[in-house]
Amino acid sequence: MAVGMYFSDVLREIGESTDILEREYINYVGIITPAEKVKSKPYAIKIQFQTNPEFSFYLILEEIDGNEFSSSIKFSVTLQNKHYHITLHQIHTLSGIPITDTINVADVTKGSTYKFKKQFSLPDVPKNIHILCKVVEIEEMPVKIDIPKNLMSTKCLSLYEEKKLSDFKIICQGQEFCVHKTILVCQSDVFQAMFENPMKESREDALTISDFEPNIVETMIRYLYSDEMTESLSEDEFKQLLLIANKYNLEKLEKICFKETLKLIKTFEQALDLIIFAESHNFVDMKNFVIQFMRENKNTFM
């Protein structure tokens, strides 16, 4: 009959820390059985764990040649979608060195048997066999499936760059930018209203922008296609981009401009100019951001 062992001493002998006992997914059971029970015929020991009584199996010990015995496990339950590492530590061996072997089992069915590869030491005189059985439940990682990066914005931008299937033009200081109404409508309710009403731009499939420079207009267009702003601009250019974003109600682009403009502020004078700019165009949020920024960085302004 299996009886308990002093785990702390055994764990130290096999080189494991006692704090491993606190882990919920690990179970131990100690087995001490007379060697003569294993000789001549297989000896089965039922293993159950108090923390998981539904998990049980028979540990079968079978003599090989009088000096060694083999071990196998036969399950008395079905455990679908479960994966375990089961380790046997035989201590107090003839050589004095613990013998350890581990098997991996998964999707167990009732009656299935698993054999340990190593041969364990069988005393040649009547003596007890000491075994520590360790069961570790493995948390299965989900199958790794690589999800391709969303390339929609890249593909949309290529439509603009390659002028494919464009159906609208934005004209600025003699430069023409071939664009797509669908993209403009998806990004801006101002453009949507323009196309849904019988306005000149809708009839002529063209919009002339005269109050901004061409590079600012194109920066806005590229943002409409990619939903990103990667261009490096000066402080004045960011201010102009902010104004055109406000004109066409591009809230995200406005916030990007707020953030990038603040990064360029190095002096008290620059901060003050930005507050004046924000006030003159009624950018209340931006004014508050700048004031907060000045308070947080008052010791760093030159």
Side-chain angles (χ1 to χ4, degrees), residues 1-140:
M1 179 178 179
V3 298
M5 299 175 67
Y6 293 104
F7 283 157
S8 59
D9 293 337
V10 174
L11 289 175
R12 279 192 291 269
E13 186 168 346
I14 63 177
E16 289 193 355
S17 173
T18 55
D19 65 3
I20 201 169
L21 295 171
E22 299 175 2
R23 303 177 191 177
E24 295 180 356
Y25 56 91
I26 296 179
N27 290 281
Y28 281 96
V29 65
I31 303 162
I32 302 176
T33 189
E36 63 265 19
K37 289 190 175 182
V38 179
K39 293 183 177 182
S40 302
K41 62 179 180 179
Y43 178 62
I45 306 166
K46 187 171 183 179
I47 305 296
Q48 283 186 302
F49 299 94
Q50 292 181 351
T51 55
N52 187 3
E54 295 181 358
F55 179 83
S56 64
F57 56 83
Y58 286 92
L59 175 63
I60 302 171
L61 311 181
E62 186 173 5
E63 180 186 7
I64 299 176
D65 58 7
N67 294 317
E68 296 175 329
F69 66 92
S70 64
S71 300
S72 58
I73 285 175
K74 183 175 182 179
F75 279 90
S76 53
V77 293
T78 296
L79 301 167
Q80 294 296 323
N81 302 317
K82 295 288 186 179
H83 183 192
Y84 300 93
H85 289 175
I86 302 177
T87 302
L88 292 187
H89 297 283
Q90 184 190 6
I91 57 177
H92 305 314
T93 62
L94 293 176
S95 65
I97 302 173
I99 300 174
T100 298
D101 199 7
T102 299
I103 56 175
N104 300 317
V105 300
D107 293 325
V108 172
T109 57
K110 185 176 181 179
S112 56
T113 302
Y114 301 84
K115 189 176 183 65
F116 288 91
K117 292 182 179 180
K118 286 187 177 181
Q119 296 175 355
F120 293 88
S121 175
L122 187 64
D124 55 1
V125 294
K127 195 175 182 181
N128 290 331
I129 298 171
H130 297 75
I131 294 175
L132 182 67
C133 180
K134 170 184 172 183
V135 177
V136 181
E137 183 175 348
I138 305 300
E139 294 185 8
E140 294 285 356

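Everything numeric here is computed off the predicted structure, so don't read it as measured data.
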Do the side chains of Ile131 and Thr33 get nearer than 4.5 Å, heavy atoms only?
no
Which value, rounded to the nearest 0.5 Å, describes the distance between Leu88 atom CG and Thr102 atom OG1?
8.0 Å
Measure the OG-NZ distance between Ser112 and Lys74 for me, rounded to the nearest 0.5 Å.
9.5 Å
For the CD atom of Gln119 and the CD1 atom of Ile64, what is their distance to the nearest 0.5 Å?
3.5 Å
Which label fits Phe75 and Tyr114: parallel for a plane angle under 30°, tilted from 30 to 60°, or perpendicular past 60°?
perpendicular
Derivation of the side-chain contact (heavy atoms from CB on, under 4.5 Å) call for Glu137 and Tyr84
CA-CA 5 Å; Glu137 183 175 348; Tyr84 300 93; 3.8 Å; yes
For residues Phe69 and Ser121, report the shortest heavy-atom separation together with the two atoms involved.
CE2-O, 3.1 Å
Shortest non-hydrogen pair, Cys133 vs Phe57, comes out as SG-CZ, 3.8 Å
Rounded distance (nearest 0.5 Å) linking atom OG of Ser70 with atom NZ of Lys117
14.5 Å
Ignoring hydrogens and geometry, is there a side-chain-to-backbone donor-acceptor pair from Asp101 to Phe116 under 3.5 Å?
no
Are Lys110 and Val77 side-chain neighbours, meaning at least one heavy-atom pair lies under 4.5 Å?
no
Are the side chain of Lys39 and the backbone of Glu63 linked by a donor-acceptor contact shorter than 3.5 Å?
no
Ignoring hydrogens and geometry, is there a side-chain-to-backbone donor-acceptor pair from Asp107 to Asn81 under 3.5 Å?
yes
Using the side-chain contact (heavy atoms from CB on, under 4.5 Å) rule, take Leu61 and Leu122 through it: C-alpha gap first, then chi angles, then the decisive distance, then the call.
CA-CA 10 Å; Leu61 311 181; Leu122 187 64; over 6 Å; no
Which pair of heavy atoms, one from Thr113 and one from Ser72, lies closest together, and at what distance?
CG2-CB, 4.2 Å
In this structure, NZ of Lys37 is separated from OH of Tyr43 (nearest 0.5 Å) by 4.0 Å
I want to check something: taking the side chain as every heavy atom from C-beta on, are Ile86 and Ile103 in contact at a cut-off of under 4.5 Å?
yes
CA sep, side-chain torsions, deciding dist, call: Ser76, Ser56, side chain to side chain donor-acceptor pair (under 3.5 Å):
CA-CA 6 Å; Ser76 53; Ser56 64; 2.8 Å; yes
With rounding to the nearest 0.5 angstrom, report the CD1 to CD1 distance, Ile45 to Ile73.
11.0 Å
Could you tell me whether a side-chain N or O of Thr100 sits under 3.5 Å from a main-chain N or O of His89, the two making a donor and an acceptor?
no
Shortest non-hydrogen contact from His130 toward Ile32
CD2-CG1, 3.7 Å
